Novice: 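Attaching a single structure in structure tokens format; questions to follow.
Computed from a prediction, not measured in an experiment: that's the story for all the values here. Just so we're on the same page: letters track the sequence lines, and every chain starts at 1.
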There are 2 protein chains.
Amino acid sequence: MVLPGYTYGDPGLPPSPVSLEALHQLKAALLWSEEDEKALKEAGEVLKDQVEEVLDLWYSFVGSHPHLLHYFTDGQGNPIPEYLERVRKRFGQWVLDTCFRPHDEAWLAYQHEIGLRHHRTKKNQTDGVASVPHIPLRYLIAFIYPITATIRPFLAKKGHPPEAVERMHQAWFKAVVLQVALWSYPYAKEGDF
Amino acid sequence: MVLPGYTYGDPGLPPSPVSLEALHQLKAALLWSEEDEKALKEAGEVLKDQVEEVLDLWYSFVGSHPHLLHYFTDGQGNPIPEYLERVRKRFGQWVLDTCFRPHDEAWLAYQHEIGLRHHRTKKNQTDGVASVPHIPLRYLIAFIYPITATIRPFLAKKGHPPEAVERMHQAWFKAVVLQVALWSYPYAKEGDF
């Protein structure tokens with residue numbers, strides 16, 4: 001496997017508990033349109049050769065906050081380098097998937113998997129590490145801000161007119177909120193999602 | 001009481017289960033700074049005489065989507081006008097509170113109360129209505145997008161330079177994400193928040 005732990009489209013991946021109809025309704029709540037799909041693909045073209053720089057920025061942000069880096073540590077204050085590295089590679093792929101993947105059953109299934117990997121259900125399992133057991137829901141939601149705000153300068157780096165940058169950025173913002181909403185599934189009490 | 005059901009600062013309101021220290025850490029995760037506090041107050045000055053127009057827009061958005069209006073109905077497709085109206089008044093106050101209230105224990109306690117009022121724990125109780133029992137977590141999170149994106153034109157309406165509008169808008173975005181993160185508390189399984 002080229003990308004360790006990356007199981008997108010794996011036939012063994014369980015289906016999402018969220019239906020395509022529920023996804024469609026959720027997207028209506030965030031004003032999703034076909035324009036966003038196009039703008040995300042455009043964003044993907046802009047971002048694809050900048051992924052390492054984006055990850056450098058995100059990792060330096062997390063690394064500079066001990067209470068965030070905590071979720072990559074052994075719980076005794078020691079970051080686990082191979083865990084950081086494996087997650088980083090998948091995080092880079094996530095940027096591309098966010099831009100290029102169609103929102104179908106395979107996409108929904110992998111969104112659910114990502115949620116489980118943040119939640120105590122499956123955290124650490126994919127990478128076989130002994131890190132802290134769970135990333136709190138409040139941080140999953142809070143990260144909508146940095147992951148959205150920090151991408152904008154990268155979207156603006158290829159000389160697109162301001163309206164195009166804005167369109168790409170709004171689509172990215174929606175795509176991040178949508179995914180965090182889906183990732184919250186394993187955190188919610190029965191029936192609360 | 002001037003504003004029915006508005007219990008901000010009420011000494012009878014239980015304290016939030018979230019500590020000021022946890023709040024501080026959460027704000028660090030969304031890159032909160034003192035600049036944001038200032039920018040939010042500026043935003044409040046800009047928005048305070050536009051609150052009804054903002055609410056018109058938000059209500060027309062919800063009203064035009066039956067699956068969202070649903071949470072203001074009796075569950076048989078009939079919206080409950082007095083419920084819509086009472087929530088609307090508090091929603092207007094919420095815009096101002098978001099901009100002007102300091103992030104202290106009273107603020108935290110009311111954030112927790114807002115979460116409970118969306119969750120099945122307390123939905124409908126404040127207004128004594130027989131509406132559907134619960135607003136799903138996924139919609140709480142999804143609403144970060146429309147509530148953030150649609151405010152920008154209102155922030156730009158008073159002739160501020162683009163940098164000031166941007167600063168106010170980023171602070172608003174952070175403030176909305178922060179609150180939704182706090183509102184998720186009653187939805188999360190024990191220990192998952």
Novice: From B:I147 CD1 over to B:F173 CZ, what is the distance, rounded to the nearest 0.5 angstrom?
Specialist: 13.0 Å
Novice: Starting at CG of A:L84, measure out to CZ of A:F91 and round the result to the nearest 0.5 Å.
Specialist: 11.5 Å
Novice: Distance from A:F100 atom CZ to A:L47 atom CG, nearest 0.5 Å?
Specialist: 8.0 Å
Novice: Please identify, among B:A22, B:P146, B:A149, the residue contributing the most non-hydrogen atom pairs under 4.5 Å to chain A.
Specialist: B:P146
Novice: In Å, rounded to the nearest 0.5 Å, how long is the span from CD1 of B:I144 to CD1 of A:I141?
Specialist: 6.5 Å
Novice: Evaluate the side-chain proximity of A:L20 to A:L23: yes if any heavy-atom separation is below 4.5 Å, no if none is.
Specialist: yes
Novice: Is B:L178 in contact with chain A via its backbone, its side chain, both, or neither, using a 4.5 Å heavy-atom distance?
Specialist: neither
Novice: Below 4.5 Å, heavy atoms only, C-beta onward: do A:P15 and A:L108 meet side chain to side chain?
Specialist: no
Novice: Under 3.5 Å, which donor-acceptor pairs link chain B to chain A? Give each pair on its own line with the distance.
Specialist:
unit_1, atom_1, unit_2, atom_2, d
B:Q25, O, A:H67, NE2, 2.8
B:H67, NE2, A:Q25, O, 2.8
B:H119, NE2, A:D192, OD2, 2.6
B:R120, NE, A:D192, OD1, 2.8
B:R120, NH2, A:G191, O, 2.9
B:R120, NH2, A:D192, OD1, 3.1
B:H134, NE2, A:D192, O, 3.1
B:L137, N, A:D192, O, 3.0
B:L137, N, A:F193, O, 3.2
B:R138, N, A:F193, O, 3.0
B:R138, NH1, A:F193, O, 3.2
B:Y145, OH, A:Q170, OE1, 2.6
B:Q170, OE1, A:Y145, OH, 2.6
B:P186, O, A:K189, NZ, 2.6
B:Y187, O, A:K189, N, 2.8
B:K189, N, A:Y187, O, 2.8
B:K189, NZ, A:P186, O, 2.6
B:G191, O, A:R120, NH2, 2.9
B:D192, O, A:H134, NE2, 3.1
B:D192, O, A:L137, N, 3.0
B:D192, OD1, A:R120, NE, 2.8
B:D192, OD1, A:R120, NH2, 3.1
B:D192, OD2, A:H119, NE2, 2.6
B:F193, O, A:L137, N, 3.2
B:F193, O, A:R138, N, 3.0
B:F193, O, A:R138, NH1, 3.2

Novice: Which pairs count as salt bridge (Lys or Arg N to Asp or Glu O under 4.0 Å) when at least one residue sits in residues 58-67 of chain B, sequence neighbours excluded?
Specialist: none
Novice: Using non-hydrogen atoms and a 4.5 Å limit, figure out which bit of A:L30 sits close to chain B: side chain, backbone, both or neither.
Specialist: both
